[in-house]
Peer 1: 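Got a structure for you, written out below as structure tokens; questions coming shortly.
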Amino acid sequence: MANDFRPHLLITEDDVEAIENKKQARSKDLGLDRMKHGTKLSTGLQEIVSAYTRVQGTDSLRDEDIRLFEVVLQEGEKFSNKTLREFLEQEGLTLAKVKDSRHAIVSSSKSKFDSLQQRVGAYRDNKRSNKKFQYIDDFQFPDGMGKQAPSIRELLEREATFPLDVEIMEQLLPKGTDPQVQARAEERLIALIEQNQGRIQAKPYKLSDGTRIVRAEIPLGKLEEISGDTIVSHVAPTGFYATSPMYTVQAGAPMTLNPNVSIDELPIVAVLDTGVDFPPELEPLVVEHWVPSGAAPGDKKHGTNVASKVAFENLGEQLASGILTPRARIIDCNIRGFDPDSNKPDRPDLICNSTMIARIKEAVLRYKDITKIFNFSSSEETPIQGDEISILGYELDVLAIQYGVKFTISAGNHYLYRSQDSLEDILQDDNNRIAAPADSMLNIAVGAIVGAEHKEGLSRQYDVAPYSRIGPGFRGFRKPDIVSLAGTMTKADFVPPDEYAMMIASGGQWVFEAGTSFTAPTVAGDLAEISQSVPNQDILMSEALLYHGAEMPISEIAKKKITRDENAFYGNLYGRGIANPLMSMFSTAHRVTFLHRGTMNKKFKQHAKFLMPSVCDTQMDMSKRDKKIRVTVTCVTQPPVDKTKGAEYLGAYVNASLHSRNSKDRLVTNNPSESDGRKDWDTCFHFEQEFSSFHGGDWEVWLELHTRYDVEDDQEIDYALAITIEDLTESLQLYDAVVNEAQNRFPAVQLVRLPVRI
């Protein structure tokens with residue numbers, strides 16, 4: 001393949017057909033007994049009144065003209081129903097937080113609440129009233145325990161009593177509410193915490209959407225009362241971010257940069273870490289060393305290792321030769337210095353959420369016009385809760401939307417390999433789930449698989465590394481997004497030396513280390529390389545091609561027999577596969593990739609056309625049942641996000657489906673039956689289909705946008721589409737056939753530069 005680089009082909013707007021997307025609203029009568037149902041609703045509202053009476057002396061929203069309570073819809077009904085939302089608005093209710101499709105916290109004034117009680121009474125008594133009350137199953141006072149993260153509930157079930165450092169998320173009040181209401185409520189919440197033997201750990205801070213966070217250390221036995229306060233939206237353990245411990249075997253040898261590489265032309269990656277200390281001969285690769293305002297610099301140990309994995313592909317192999325061929329330059333963002341707000345004197349390496357968010361934002365604002373790729377090789381030390389997107393995961397998503405950047409994020413490491421006897425036991429343990437912020441939905445979480453065989457390790461070659469965290473991610477979505485080859489670890493915390501564990505340490509030494517800290521920067525470098533092969537170095541298209549060229553470490557025979565459950569299982573081990581930048585960047589004689597970058601709204605579907613050359617009909621033996629052509633489709637979207645929507649965090653997704661030509665020259669649907677890559681509300685549709693018989697002509701990928709209720713019909717959502725046709729027999733010059741038959745219909749991408757390989 002190294003001698004067969006071909007530029008990808010572009011699908012122009014002329015080959016993307018817009019089709020009006022007509023959807024009809026449906027209303028139905030549920031046939032409920034109005035007396036019985038209305039009585040249930042009236043009882044629920046009365047219980048809310050009683051609950052407010054019980055807490056009126058202590059609640060943070062006491063004396064305020066606001067009521068917060070929960071609306072539960074009937075089975076099968078959803079808040080995405082526009083008619084239902086308009087009905088709630090007519091009743092004076094404002095959606096404050098959507099927990100899932102059926103459960104939401106709403107707010108109203110006291111007078112509107114009283115009116116609601118009267119109107120529900122009229123509905124119950126079969127008087128003239130709005131029949132849409134039938135779509136509501138119940139009204140409830142928010143349950144304090146339901147606001148607690150699963151790990152907190154588990155501790156309470158075990159009757160644990162020790163103080164816990166928690167972050168208390170305040171309910172975001174409706175737009176137009178006097179800011180003083182929120183301020184008074186926060187003051188009262190802090191007083192309530194202190195009255196319950198709690199201790200405020202840091203100054204309250206604010207998320208990008210305005211949500212306020214109060215961090216405090218609180219005895220577990222006192223959390224119930226605090227969680228029950230109406231201004232409290234969610235309570236979770238405080239997020240602290242650490243780098244992996246250093247397991248090293250020191251060595252050293254001279255290093256020389258390949259003189260055939262023009263350093264000034266290399267793409268740039270910002271490394272958010274402890275600092276970079278390259279030896280003088282590699283220092284030209286560092287664009288700038290930077291420390292955030294008021295922060296102390298880190299020790300440069302971990303950050304140097306990470307930066308070396310960004311800058312050089314196949315670093316171990318290159319170090320052995322002594323000639324290093326760089327693929328990317330580095331901006332050294334030394335953000336992991338001491339955090340005075342962590343309040344962890346025994347762990348000076350830990351940084352809390354508020355400090356980390358501020359430092360990352362400052363780095364992005366400073367360098368967003370220089371690079372779109374930021375590597376973050378740090379994670380919490382415990383698994384994600386999964387019921388809500390993590391605070392830092394959300395903030396990284398917001399930065400991705402606001403500034404068009406992408407973060408490569410380590411999936412996180414665990415230490416189960418020290419106590420478990422097999423990889424199978426590790427994979428079945430819930431404590432191996434990914435750690436925040438790898439649950440980020442718009443960025444790239446990276447796991448690790450073992451690159452070389454070591455008999456003393458629990459993982460064999462191409463297995464998930466024994467320390468690497470796996471999925472599922474937030475609300476069961478597939479994670480990690482992708483994996484890369486890395487070193488392994490023994491039960492004795494020893495890293496067996498091999499080329500995948502080798503990297504450059506501070507001061508110019510070699511070291512052997514293992515961890516997802518070092519696969520995330522490998523993928524950051526891959527992404528930087530790929531960005532040079534797409535128009536305008538578009539980062540969303542680069543991400544699509546990263547996934548598109550990934551290869552699952554599963555045999556072709558196993559793929560054919562895979563079940564739906566197995567598909568999902570492998571997705572949570574390997575994501576979309578092992579990153580392979582060459583496969584992502586280039587077409588070959590037997591493998592042709594079509595690209596399209598666009599936007600779409602809910603009003604129109606889009607049909608993207610690509611060419612299956614007619615030469616395939618005439619020169620392939622169509623009588624045999626062997627698979628001859630593989631089509632791979634990847635569509636990545638950049639939807640809006642909303643943390644107040646709970647399970648409905650993502651605002652949109654694009655459904656992609658494949659349509660081939662049959663013998664009658666008609667389009668027929670050909671989606672894989674057991675694919676986990678076509679999942680609703682995911683940011684990436686990635687699947688493949690193989691064909692033993694087919695006919696040439698214009699095949700199509702159909703795209704349809706699905707959105708949440710608050711996304712306007714004409715709001716444009718960005719997407720990047722990659723389609724590959726591959727001749728599995730390698731009997732045709734497929735690329736030439738497409739180019740000759742298309743006659744300039746699909747222009748070739750103009751490459752920025754070709755990679756230099758040693």
Peer 1: Walk me through whether N443 and S440 qualify under side chain to side chain donor-acceptor pair (under 3.5 Å).
Peer 2: CA-CA 6 Å; N443 293 291; S440 163; 3.0 Å; yes

Peer 1: Answer yes or no: is there a donor N or O on one side and an acceptor on the other, between the side chain of T516 and the main chain of G447, under 3.5 Å?
Peer 2: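 Checked: no pair found.
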
Peer 1: Look at D493 together with R418 and state whether they make a salt bridge at an N to O cut-off of under 4.0 Å.
Peer 2: yes

Peer 1: Please check this pair: side chain of S308 against backbone of N305, looking for a donor-acceptor N/O pair closer than 3.5 Å.
Peer 2: yes

Peer 1: Any chance you could lay out the side chain to side chain donor-acceptor pair (under 3.5 Å) test for N353 and T355, step after step, and finish with the verdict?
Peer 2: CA-CA 6 Å; N353 260 325; T355 300; over 6 Å; no

Peer 1: Evaluate Q182 against E170 for side chain to side chain donor-acceptor pair (under 3.5 Å), listing each step before the verdict.
Peer 2: CA-CA 9 Å; Q182 191 96 38; E170 297 178 26; 3.1 Å; yes

Peer 1: Assess the residue pair I373 and V405 against the criterion (side-chain contact (heavy atoms from CB on, under 4.5 Å)); give the C-alpha distance rounded to whole Å, side-chain angles, the decisive distance to 0.1 Å, and a yes or no.
Peer 2: CA-CA 6 Å; I373 305 172; V405 300; over 6 Å; no

Peer 1: Salt bridge or not for K372 and D538, using N-O below 4.0 Å?
Peer 2: no

Peer 1: Which heavy atom in S208 sits nearest to a heavy atom in K361, and how many Å separate them?
Peer 2: OG-NZ, 3.3 Å

Peer 1: Quick one: pull up CG in N260 and OG in S262 and give me the separation to the nearest 0.5 Å.
Peer 2: 11.0 Å

Peer 1: Between K300 (side chain) and S506 (backbone), is there a donor-acceptor pair under 3.5 Å?
Peer 2: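 No; judged by distance alone, with no hydrogens or angles, the pair does not exist.
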
Peer 1: Would you confirm whether the ring centroid of Y467 sits within less than 6.0 angstrom of the ring centroid of Y417?
Peer 2: no

Peer 1: Any donor-acceptor pair under 3.5 Å linking the side chain of S584 with the backbone of L545?
Peer 2: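 Pair found, side chain donor or acceptor close to backbone of L545.
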
Peer 1: Using every non-hydrogen atom in the two residues, find where P284 and I263 come nearest and quote the distance to one decimal.
Peer 2: O-CG2, 3.8 Å

Peer 1: Can you tell me how the ring of Y367 sits relative to the ring of W290, calling it parallel under 30°, perpendicular over 60° and tilted otherwise?
Peer 2: perpendicular

Peer 1: Once side chain to side chain donor-acceptor pair (under 3.5 Å) is applied, do any residues pair with T599, and if so which ones, sequence neighbours excluded?
Peer 2: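 Checked T599 against side chain to side chain donor-acceptor pair (under 3.5 Å); matches are E716.
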
Peer 1: Could you tell me the separation between the CD atom of Q318 and the CG atom of N258, rounded to the nearest 0.5 Å?
Peer 2: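 Nearest 0.5 Å value for the CD-CG distance: 8.5 Å.
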
Peer 1: Do the side chains of T371 and I331 get nearer than 4.5 Å, heavy atoms only?
Peer 2: yes

Peer 1: Quiz question: by atom type and distance under 3.5 Å, do the side chains of Y649 and D397 form a donor-acceptor pair?
Peer 2: yes

Peer 1: Any donor and acceptor pair, going by atom type alone, linking the side chain of N314 with main-chain N or O of E317 inside 3.5 Å?
Peer 2: no

Peer 1: Would you mind reporting whether L282 and F312 have side-chain heavy atoms less than 4.5 Å apart?
Peer 2: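 They are in contact (side-chain heavy atoms under 4.5 Å apart), so the answer is yes.
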
Peer 1: Report yes if some heavy atom in the side chain of Q638 is under 4.5 Å from a heavy atom in the side chain of Y719; otherwise report no.
Peer 2: no

Peer 1: So, N375 side chain and A524 main chain: donor-acceptor pair closer than 3.5 Å or not?
Peer 2: no

Peer 1: Please report the shortest heavy-atom distance between P383 and R469, naming the atom on each side.
Peer 2: CG-NH1, 3.7 Å

Peer 1: Which word best sums up how the rings of H302 and F518 line up, parallel for under 30°, tilted for 30 to 60°, or perpendicular for over 60°?
Peer 2: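 Answer is tilted, since the angle falls between 30° and 60°.
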
Peer 1: Taking atom types as modelled, find out whether D209 and T211 have a side-chain donor-acceptor pair closer than 3.5 angstrom.
Peer 2: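 Short answer, yes.
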
Peer 1: Is there a side-chain contact (heavy atoms from CB on, under 4.5 Å) between F376 and V271? Walk through the geometry before answering.
Peer 2: CA-CA 7 Å; F376 186 71; V271 174; over 6 Å; no

Peer 1: For T519, which of V446, I449, I482 qualifies under side chain to side chain contact (heavy atoms under 4.5 Å, CB included)?
Peer 2: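 Answer after filtering V446, I449, I482: V446.
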
Peer 1: Which salt bridge (charged side-chain N to carboxylate O under 4.0 Å, His left out) pairs, counting each pair once, include a residue from residues 275-290, with sequence neighbours left out?
Peer 2: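 Those involving residues 275-290 are E288-R366.
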
Peer 1: Please confirm whether the backbone N or O of A720 pairs with a side-chain atom of H596, one donor and one acceptor, at under 3.5 Å?
Peer 2: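 A pair under 3.5 Å: no.
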
Peer 1: I would like to know whether L266 and L285 meet side-chain contact (heavy atoms from CB on, under 4.5 Å); could you show each step before the answer?
Peer 2: CA-CA 9 Å; L266 295 176; L285 295 176; 4.1 Å; yes

Peer 1: List the atom of S379, the atom of P437, and the distance in Å for their closest heavy-atom pair.
Peer 2: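 In this case the closest contact between S379 and P437 is CA-CD, 4.3 Å.
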
Peer 1: Is there side-chain contact between S354 and I391, with at least one heavy-atom pair below 4.5 Å?
Peer 2: no

Peer 1: Measuring from atom CG of L650 to atom CZ of R475, what distance do you get when rounded to the nearest 0.5 angstrom?
Peer 2: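 Interatomic distance, L650 CG to R475 CZ, rounded to 0.5 Å: 12.0 Å.
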
Peer 1: Less than 4.0 angstrom from a charged side-chain N to a carboxylate O is my criterion; do E167 and R215 meet it?
Peer 2: no

Peer 1: Fit a plane to each ring of F477 and F474, take the angle between them on a 0 to 90° scale, and name the class: parallel (under 30°), tilted (30 to 60°) or perpendicular (over 60°).
Peer 2: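 Ring orientation of F477 relative to F474: parallel.
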
Peer 1: Contact between T683 and P639 at the side-chain level, heavy atoms closer than 4.5 Å - yes or no?
Peer 2: yes

Peer 1: Going by distance alone, is a donor N or O of one side chain under 3.5 Å from an acceptor N or O of the other, for Q201 and T238?
Peer 2: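 Short answer, no.
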
Peer 1: So, taking the atom named CD1 in I504 and the one named CG in L315, what distance separates them when rounded to the nearest 0.5 Å?
Peer 2: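 The distance works out to 5.0 Å.
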
Peer 1: Would you tell me whether R336 and T243 have side-chain atoms, one donor and one acceptor, within less than 3.5 Å of each other?
Peer 2: no

Peer 1: Show the nearest heavy-atom pair for residues G337 and I351, with the distance to one decimal.
Peer 2: O-CD1, 3.6 Å

Peer 1: Test: side chain to side chain donor-acceptor pair (under 3.5 Å). Region: residues 540-549. Which pairs qualify, not counting sequence neighbours?
Peer 2: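 Passing the test, one end in residues 540-549: K406-E543, E543-Y547, H548-T634, H548-T724.
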
Peer 1: Would you call K344 and D339 a salt bridge, using N to O less than 4.0 angstrom?
Peer 2: no

Peer 1: What's the spacing between D273 CG and S517 OG if we round to 0.5 Å?
Peer 2: 7.0 Å

Peer 1: Is it true that R347 and E381 make a salt bridge, defined as a side-chain N closer than 4.0 Å to a carboxylate O?
Peer 2: yes

Peer 1: Do Y205 and I357 come close enough that some side-chain heavy atom pair is under 4.5 Å?
Peer 2: yes

Peer 1: Enter the distance from D481:CG to C684:SG here, rounded to the nearest 0.5 Å.
Peer 2: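 It is 8.0 Å, given to the nearest 0.5 Å.
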
Peer 1: Any side-chain heavy atom of D682 within less than 4.5 Å of one from M441?
Peer 2: yes

Peer 1: For F374 together with F407, are the ring centres under 6.0 Å from each other?
Peer 2: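 Ring-ring flag for F407/F374: true, centres closer than 6.0 Å.
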
Peer 1: Could you go through the side-chain contact (heavy atoms from CB on, under 4.5 Å) check for H289 and V286 one step at a time?
Peer 2: CA-CA 7 Å; H289 297 279; V286 181; 3.5 Å; yes

Peer 1: So do the side chains of T488 and V495 get within less than 4.5 Å of each other, counting heavy atoms only?
Peer 2: no

Peer 1: What's the shortest heavy-atom distance between S151 and P237, and which atoms?
Peer 2: OG-CG, 3.4 Å

